[in-house]
Amino acid sequence: MDGTGKTDRPAHEYVLGHSEHEVERLKAQARLIDPITDRFFRAAGVAKGMRVLDVGSGAGDVAFLAAELVGAGGSVVGADRVASAVRVAQARAADRSLLNVAFEVGDPSDLSFATPFDAVVGRYVLQFQKEPAALLRRLATKIRPGGVLVFHEIDWAGLSSFPAVPTYDQFSRWGADAMRLHGTETRMGSKLHATFVAAGLPAPTMRMEALVVAGVESLPWLRLFKDLIATLLPELERSGLATANEVGVDTLVQRMSEEAKESTSVFFGHYQIAAWVRI
């Protein structure tokens, strides 16, 4: 997933961690998911010249996307509680010579900023919050009147295949179970409406997309899916869902691809769902 956003997390650590492997997975994820996030943010009204706060910025991908939307006349501040993630994001921004992006360490809902933002955005952050409505309520105070609050979350219920690819479907269930047992809200995308309302905000506008892939075009998604399962492997083993031998990470993509080829199947990714409101 994307932002670490560890506000109000359970006592144990963020389930996906902050390893070098996880940073690389986030980069690959961004290549597939950024076009969807871009469409969501544009529909929500993120535009040239805006000042944007990216919540739970992680390795920086959403902040970089927002920087493209606001242009040289706008600016983006990415905030994350994990210092190592912020250092990665800062290094990546420097490599790209981005002058309109800055990153800060801290809980974005608690940090003080000199002026309010035109937009507060986040991707894959609320699912990791014990009290997501409370976080939205605090973040809304960072936005100027007329500004926008927009979050992009997922729903694991979207993961499926047709005709059924047994290995893919099994690992979709195991992955969702591992996340849920660790305290993650695996239906966060579908709960955005209720969460915004619980935060005392107006009922949000919502949109949904999903990746649908088949044949050779499915390989980037299957590799990303495999990397997610690999990241979750310690949690799968800890919770008793599957052993490393049962997972067989090294052959997972091949096994899923071969099963799909036999039945000419298509793969469906997570439901990608966004919600936004004007403050």
Side-chain angles (χ1 to χ4, degrees), residues 1-18 22 26 37 41 44 46 50-67 70 74-93 100-153 182-185 188 191-192 194-202 204 274-279:
M1 305 304 144
D2 211 329
T4 56
K6 292 173 62 179
T7 305
D8 293 326
R9 285 289 298 131
H12 46 256
E13 295 182 356
Y14 168 66
V15 63
L16 297 178
H18 309 96
E22 175 61 8
L26 291 175
T37 306
F41 285 3
V46 178
M50 282 187 166
R51 185 167 181 265
V52 176
L53 172 63
D54 174 34
V55 177
S57 52
D61 292 291
V62 174
F64 301 149
L65 186 157
V70 303
S75 63
V76 178
V77 176
D80 199 292
R81 290 188 64 186
V82 180
S84 60
V86 170
R87 288 193 294 271
V88 170
Q90 289 170 333
R92 294 179 71 199
N100 63 340
V101 181
F103 294 94
E104 295 191 23
V105 178
D107 183 330
S109 66
D110 291 336
L111 289 172
S112 296
F113 302 99
T115 56
F117 293 91
D118 300 301
V120 171
V121 307
R123 179 171 72 189
Y124 303 172
V125 172
L126 298 179
Q127 63 185 320
F128 299 116
Q129 308 305 314
K130 183 178 180 181
E131 297 180 350
L135 176 61
L136 288 183
R137 192 177 304 117
R138 295 194 299 272
L139 290 172
T141 66
K142 311 292 184 182
I143 305 173
R144 67 164 179 80
V148 65
L149 176 69
V150 52
F151 272 82
H152 173 180
E153 299 288 334
H182 199 273
T184 301
E185 176 49 75
M188 191 66 238
K191 291 186 174 183
L192 282 171
T195 303
F196 273 62
V197 172
L201 298 167
W276 63 86
V277 294
R278 288 282 176 181
I279 301 301

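For this chain, numbers begin at 1 and follow the sequence in order.
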So how far is it from [X] [atom1] to [Y] [atom2], rounded to the nearest 0.5 Å?
{"X": "Asp107", "Y": "Leu135", "atom1": "CG", "atom2": "CG", "result": "7.0 Å"}
{"X": "Tyr124", "Y": "Met188", "atom1": "OH", "atom2": "CE", "result": "13.5 Å"}
{"X": "Leu136", "Y": "Gln129", "atom1": "CG", "atom2": "CD", "result": "9.0 Å"}
{"X": "Phe128", "Y": "Glu185", "atom1": "CZ", "atom2": "CD", "result": "11.0 Å"}
{"X": "Phe196", "Y": "Phe151", "atom1": "CZ", "atom2": "CZ", "result": "7.0 Å"}

Next item on the list: Kindly determine whether Val70 and Val46 satisfy side chain to side chain contact (heavy atoms under 4.5 Å, CB included), including the steps that lead there.
Entry: CA-CA 7 Å; Val70 303; Val46 178; 4.3 Å; yes
Results of side-chain hydrogen bond (donor to acceptor under 3.5 Å, both in side chains) for [X] - residues two or more places apart only:
{"X": "Lys142", "answer": "none"}
{"X": "Ser112", "answer": "none"}
{"X": "Gln90", "answer": "none"}

Check: Which pairs with one or both residues in residues 111-120 pass salt bridge (Lys or Arg N to Asp or Glu O under 4.0 Å), sequence neighbours excluded?
Finding: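 Applying salt bridge (Lys or Arg N to Asp or Glu O under 4.0 Å) to every pair that reaches into residues 111-120, excluding sequence neighbours, yields Asp118-Arg144.
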Check: Donor-acceptor pair, Glu153 side chain versus Leu126 backbone, under 3.5 Å?
Finding: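 Yes: the side chain of Glu153 pairs with the backbone of Leu126.
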Item checked: Polar side-chain atom of Arg81 near backbone of Gly106 as donor-acceptor pair, under 3.5 Å -> no
Test side-chain contact (heavy atoms from CB on, under 4.5 Å) applied to [X] - qualifying residues, sequence neighbours left out:
{"X": "Ile279", "answer": "Ala140, Ile143, Leu149, Leu201, Val277"}
{"X": "Ala133", "answer": "Arg137, Thr195, Ala198, Ala199"}
{"X": "Ala63", "answer": "Asp54, Val76, Val101, Phe103"}
{"X": "Ala102", "answer": "none"}

Which atom of [X] lies closest to which atom of [Y], heavy atoms considered:
{"X": "Val55", "Y": "Pro108", "answer": "CG1-CG, 3.5 Å"}
{"X": "Met50", "Y": "Ala119", "answer": "SD-CB, 4.3 Å"}
{"X": "Leu111", "Y": "Ala79", "answer": "CD1-CB, 3.9 Å"}

Check: For Arg51, which residues count as a salt bridge (Lys or Arg N to Asp or Glu O under 4.0 Å) partner, sequence neighbours excluded?
Finding: none
Margin query: Between Arg123 and Asp61, does any NZ, NE, NH1 or NH2 come within less than 4.0 Å of an OD or OE carboxylate oxygen?
Written below: no
Note to self: Just to verify, what does Phe117 make a ring pair (Phe, Tyr, Trp, His ring centres under 6.0 Å) with, not counting sequence neighbours?
What the structure shows: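 With neighbours one apart ignored, the set is Phe113.
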Next item on the list: With Val52 as reference, evaluate Asn100, Val121, Val62, Val148 under the side chain to side chain contact (heavy atoms under 4.5 Å, CB included) test and give the passing residue.
Entry: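 Filter result, single survivor: Val121.
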